[in-house]
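Report on the structure given below.
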Amino acid sequence: MDIILGAGFFAWIGAVLYPIGKYLVPPKVAEMSVNSVEAGGISEFPPSSSKIVRFGRRPVIVFRQQNGDFHALSATCTHLDCTVQYKSDTEQIWCACHNGLYDIEGKNISGPPPKPLMQYQVVLQNDKVIVTREEMT
Amino acid sequence: MRNLQLLGVILFFMGFLLAEQQPIPKEDACIRCHKEMDEEQEEGQKLFPDILNDIHLKRGLSCADCHGGDPEAFDDEDKAMWDNESFSGEVSRTDEIAMCGSCHSDPRFMRQYSTAIRTDQVKQYWTSKHGMELKRGNKKVAICTDCHGVHGILSVEDPRSPVYDMNVPSTCSNCHSNSDYMAEFGIPTDQYYKYRKSVHGEALLDNNDVGAPACNDCHGNHGAIPPDVSHISDICGTCHVNNDQLFQESHLKPIFVKRGFGQCEACHGNHEVLKPNDDFLNWEHGSVCVQCHEDKGGEAKIMADHFYTLLDSLKGQIAIANSFVEKADQKGMEVSDLLFPLEEAHKVLIQTRTSIHSFNKDYVEEIAKPGFEATKTAIEGGKAALAEFDFRRKGLFISSLIITFLALALYLKIKDIDRKQSKDKS
Amino acid sequence: MGIYESLNERLYLDKIVEFSKKKKVPVFYGTIWYYLGGVSLFLFITQVVSGVLLLLYYQPGVATAFESVRFIVSKVEFGWLIREIHSWSANLFIFFVFLHMFTVFFAKAYRKPRELTWFSGMLLLFLALGFGFSGYLLPWNELAFFATKVGSDIAGSIPVVGDFLLRLLRGGDEVSGATLSRFFGIHVAIIPAVFTVLLGIHLVLVQVQGMSIPPELEKVPEEDRRYMPFFPNFALRDVLTWLIILNVVALLAVFFPWELGVKADFLAPAPPGVKPEWYFMFMYQTLRLIPAHVWFIEGELLGILTFMLGGLIWFFVPLLDKKAKVGERSKFWNWFGIILIIYMITMTIWGYLV
């Protein structure tokens, strides 16, 4: 009887400790911070390049102009929610779905988009490109 | 010196105070008299108070600037109007264009009010259908005041203005939907009715999307004229750039030109541009291709079928992915990460529909490909989430079993102790 | 010298062992009620363990609170389980604490010499409600945001101190990031600290005074009363109930998960169905039912004052119930309790029906 009880007890301890142990191991995915997001090292952004990063649940396009300036805009087109891209030749943001164009500030300048893209801020810190949103309080 | 500074500061703030207040039009002789007369006028004929909102009056112009007369001649009707040479009274429909143009066509004058203001309206007007008819002596056509209003003209930016984006369709329809009025011109009068149902009318008038085109965006404002068939695609293309570009490069373009079909319009219609749907490609039901290709089919049918199936299967995959993600969501699993590929697939579906305008199989397939990949990711993710849900239940079952087993053992142990104790007592 | 002996010399373990050997539990029809305190204690321990685990990943703050909870339930292995257990055992905790309180009330266990146990227990109940109220906001979802808004509004309508209390609760004029930081601090530091001390006192009092028995049983001569030893008989039964409760919590966690909902947005209009948690429902519903004006005072104010008065009376029952002091049941207080329970249940159900 005591043996069964002991075995059961140890099995129970195992059943409790296993999830807790697993829980304590930090997950592979870096934590999901939404106030700011690291878009990568500065070296990953040669002039005239861009990258789509996830900001919380939304995609954000981070791009570097020919002159070296960084910008970040919401990457969701305001027309039909397609994901936009950076056109390095004209230095514009382009939506491939209906050829909507935005300027580098996110203002809709051509094509069907009805509204501008939301702007994010880019902060360069220790060779890292960090995208932030202004605190909403 | 200091006094001057002080004076400057005072003037500066006084300027603020003045600027804060609405500029009140100067009450000259015309206004004073006509205000009194206005009280006896019937509703609808009254000038006041609408005229006080008139942009011209607000910018310092007076009645006399359009109608002539002497605005300083208080209490003297003859001196103010009848005996005054400059007095014109009602401006005739033929004179009006030139009268408005006397200021609006003068860049130097207009620059005072805004550097961005256009001064080519009159020039454009004479090229318009309205202008050409007026030149021929037809006074029924629209002139400046028919669209902009007469007394109480508002800025185009003012939502109350009849030529504000969202008011344009109904302003044009005042004449163009009136079949009696339009009878002599022999053109249809159902444009407004059709437009109202169109995807553009819906966007502009129901969804208040001022980016959507009103009449003037396709026909022009002051130079209003129906676009000629060969240039329809250029006009649609100002917004639908991609579709236009793809079509221009397609093998269909030269054929359309040769046969004199309106590009875009041939399939999508003009005033009644309905929201396109995938049945446009459905040979058996609703296809627009059959208008020219008839029932025989052949290569055109093969291509249309191909596109239709492609779109259909992408939609199908998206629906499947959606249902998996939804199912996992309903079971309480966290699936927000899967919304990304779903969005991507949705985006590709839109792009694929656009790419159809190339009428190029390989190109369309190339565009659609990432959509299928994205739905695959979403479906796999959804399945994984559902599997995880099962795993949780199994895990719960196992640990629950362990707990139940332990509880049972404990129960037996308690009974055992109780039994021993009662034995000890006895 | 063994470890036990060396520890015994310093910690007087023998005395504790002797005490626990002598400790016994009365056996009668109401023995089952004795488990409720233990169950509450177990659930509290579960709360502490799961709460500490959540603390490892949770980040307070307007931008991070919701996301970090989402991170816990979606990315951290078994994070969902820890969170579900925390929320489910929180609800069960409140439930069992209420049950515990009412059984103690009807068993007249608050009578002399156990007044202090009752007082400390009541304070623990208030703190448990504070735990619930402050913890509800922490995931920073829409429903919690508005429930907190409404809840703190009610606190704000208390006369004289209301405004001050409202600002104190919210850390400003509106429910904001400051409120979240505040509630977080209250939930994980202030209340736990006070709670632990009070719980210690509560448990020591129970041990020192032994189990209370209802007045009727006291009249039975000592030799006719039945007892069972606390160790191991009752303790093992305690553990058995704990295991059953744990099983129930696990089942609820998997089959009835709490949704995370939508992230709170300051500018969004209030969603339909903003309701407080169920244990505040009877008060919320009452306040909704009271007309805007009763005679000359505001309805809401009247309601709050009534609740405060009621709470005060309930708190001081050991001093007010004269009959219990002499070991008799008071009909008045029995009915008071029964009506209160009926009132709370009806109001709660009503609140969920409308």
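A quick note: this is a predicted structure, and the numbers were derived from the prediction, not measured. The analysis underlying the following values was restricted to heavy atoms, covering all of them including side chains, and did not include hydrogens, waters or symmetry mates. Chain letters run A, B, ... following the sequence lines, proteins first, then strands; residues in each count from 1.
Across every non-hydrogen atom of I4(A) and F405(B), the tightest pair is CG2-CZ, 3.4 Å. Across all non-hydrogen atoms, the minimal contact from G8(A) to I402(B) is O-CG2, 4.2 Å. Smallest separation of non-hydrogen atoms from L5(A) and L406(B): O-CD1, 3.7 Å.
Counting non-hydrogen atoms of neighbouring residues, nucleotides and ligands closer than 6.0 angstrom, the CG atom of L17(A) exceeds 12 such neighbours. By the 6.0 Å contact criterion, NZ on K87(A) is enclosed, its count of non-hydrogen atoms from other residues, nucleotides or ligands being greater than 12. More than 12 heavy atoms of other residues, nucleotides or ligands sit less than 6.0 Å from atom CD of Q421(B).
Using a 4.5 Å cut-off on side-chain heavy atoms (C-beta onward), L410(B) and F9(A) make no contact.
The most heavy-atom pairs under 4.5 Å with chain A, out of H346(B), R353(B), K413(B), come from K413(B). Across T354(B), V348(B), I350(B), the residue that shares the most heavy-atom pairs under 4.5 angstrom with chain A is I350(B).
The OG1 atom of T404(B) sits 13.0 Å away from atom CH2 of W12(A), with the distance rounded to the nearest 0.5 Å.
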